[in-house]
Amino acid sequence: MKVVQRSTFFAVTTKSNLHHFHSSSQRVPISSEHESREFVSRLLDRKWGLQSPASPIQEIGVSSDKGIEKFSFSNNTRPHLGDEMLKRNQDSSFYILRDDLLHPLVNGNKARKLDALLPLLEDYKFTDVVTCGGCQSAHTAAVGVLYLAAVSCAERGLRSHLLLRGEQPEVLTGYNLVSTMYGNVQYVPRSRYANREEMLRTYADLVAGEDGSVLWAKDIVEGLEAVDVAKMDDLSSSKNSGRKVLIVNEGAGDALALLGMFRLVQYLSQDHLLGKTKPVRFVVDAGTGTTTVGLGVAAMCLGLPWEINADTLENYKRHEDRLITEFTRQFPASVLCSGLDMNHMIKWVNRQHPRKFGKVLEGEVEMCQKIAQETGVLVDPMYTLAAWEIAAELVQDEKSSIVVMLHTGGALGMFGLAQRYKPCFTRL
């Protein structure tokens, strides 16, 4: 099946793993599920960018004769949730969390990843945000998150600087267009983009100038050393008239982004939604892997019997390890900080059909069109179609668990794909 290499499943082990951690002298051991939930509650007691963690949950009916190309779909926009989910008929169906409807432009997992960051931009009086991403990537379009950063920063009166990998398209469209309308876009040669940290820091220093200051997103969260707290106090002071620049990693791939996933998981685990006892299999399309790690960590901390499997790529595993290390350092009361073996939480599995990112395969655009016409849900060939196809396959055999797809947005990317792969779209 050609989509497995692009989609992410998410696997979290059962509650028994929740209490097998080794405490250190500087960290609070979590010895009970109650204490775990108390920790999560304290973690989420903060300002948020989204007014509410809620987004619509719909139920997608699936019928099939042979293979995904033979599937037909229907959409129940007002499904039974909570205990009523167990009473539903045995017809094949999966649920979809419509994060693509969170905001006209700033939606999907990009909005979740910036949920905890955006209020800090205002609290510490940053003037500029620097981030990076690939052309037509949804992260780029969001602080054009990139484009999300562009839109979100503009809404808050901040300047966003978006470093895009590659060459400027002849005609701007999709995320490139939105990013350019809302932010300051610079196209960076791939050779220079390869060293992202140096590229971001160099550009941020130029923006800040001699009288300005530069911080990374990881530097402005709680649990920092005193020297960093002093930096934060200086940043929040209105006496400093220089430009205050914040660097956000590609894809908002900082530990701070995990907090938005914690908020989402806590919301979904309410009894009237997915609940805390029902087995749930999440399907999430993988970009940087930040969303997958965040959902897995949050579900484990809350002791939820949810599953997530994810594609195996070496850089995914490295990114996972970095996120956990960073999160542990910044939030020392975390249950993760005491030697947790992430291999027991998230299982990265080999892709069945590796392919280079960004290539549209035959029939995928037509499938996106079919789904949109039958359900009113727009998916894109790069990411959300892969998750949709896997969810549709899972419900053919999976009857004991509830299958839930997280719609991560990205519809604007279709415009860029239409430019790059014209033959795929001219056949519509």
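The model shown is predicted, which means the values in this text are computed figures rather than measured ones.
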Indicate yes or no for a side-chain donor-acceptor contact from [X] to the backbone of [Y] under 3.5 Å, with no hydrogens or angles considered.
X: Q270; Y: Y267; result: yes
X: Y383; Y: H407; result: no
X: K110; Y: T408; result: yes
X: T131; Y: V248; result: yes
X: N184; Y: H161; result: no
X: R112; Y: P53; result: yes

Stepwise side-chain contact (heavy atoms from CB on, under 4.5 Å) check, E374 with S72: CA-CA 8 Å; E374 294 182 356; S72 60; 4.1 Å; yes
Measuring from atom [atom1] of [X] to atom [atom2] of [Y], what distance do you get when rounded to the nearest 0.5 angstrom?
X: L412; Y: N176; atom1: CG; atom2: CG; value: 10.5 Å
X: Y95; Y: H80; atom1: OH; atom2: NE2; value: 8.5 Å
X: L158; Y: K244; atom1: CG; atom2: NZ; value: 11.5 Å
X: L50; Y: R263; atom1: CG; atom2: CZ; value: 6.0 Å
X: D115; Y: L264; atom1: CG; atom2: CG; value: 9.5 Å
X: Q266; Y: L304; atom1: CD; atom2: CG; value: 10.0 Å

Residues V178, F415; criterion side-chain contact (heavy atoms from CB on, under 4.5 Å); working and verdict: CA-CA 11 Å; V178 174; F415 294 92; over 6 Å; no
Test side-chain contact (heavy atoms from CB on, under 4.5 Å) applied to V377 and W388, step by step: CA-CA 10 Å; V377 179; W388 182 288; 3.9 Å; yes
Is there side-chain contact between [X] and [Y], with heavy atoms separated by less than 4.5 Å?
X: W306; Y: L274; value: yes
X: V297; Y: F262; value: yes
X: D99; Y: N109; value: no
X: Y203; Y: V214; value: no
X: I371; Y: I60; value: no
X: P381; Y: V365; value: yes
X: T77; Y: P56; value: no
X: R159; Y: R243; value: yes

Reference residue L81; test side chain to side chain contact (heavy atoms under 4.5 Å, CB included); the match among L268, D271, I57: I57
Could you report the tightest heavy-atom contact between [X] and [Y], atom names first, then the distance?
X: M405; Y: A391; answer: CB-CB, 4.4 Å
X: L295; Y: M261; answer: N-CB, 3.8 Å
X: A255; Y: E326; answer: N-OE2, 2.8 Å
X: S55; Y: L97; answer: OG-CD1, 3.2 Å
X: G183; Y: S160; answer: CA-OG, 3.3 Å
X: A217; Y: L117; answer: CB-CD1, 4.5 Å

Residues in side chain to side chain donor-acceptor pair (under 3.5 Å) contact with D83, at least two apart in sequence or another chain: none
Contacts of E155 that satisfy side chain to side chain donor-acceptor pair (under 3.5 Å) - sequence neighbours left out: H103
Pairs touching residues 100-109 that satisfy salt bridge (charged side-chain N to carboxylate O under 4.0 Å, His left out), sequence neighbours left out: R98-D100
Derivation and outcome, side-chain contact (heavy atoms from CB on, under 4.5 Å), residues L118 and L121: CA-CA 5 Å; L118 293 176; L121 298 179; 3.8 Å; yes
Residues, nucleotides or ligands: over 12 heavy atoms within 6.0 Å of R78 CZ: no
Residues E197 and R201 bridged, charged N to O under 4.0 Å: no
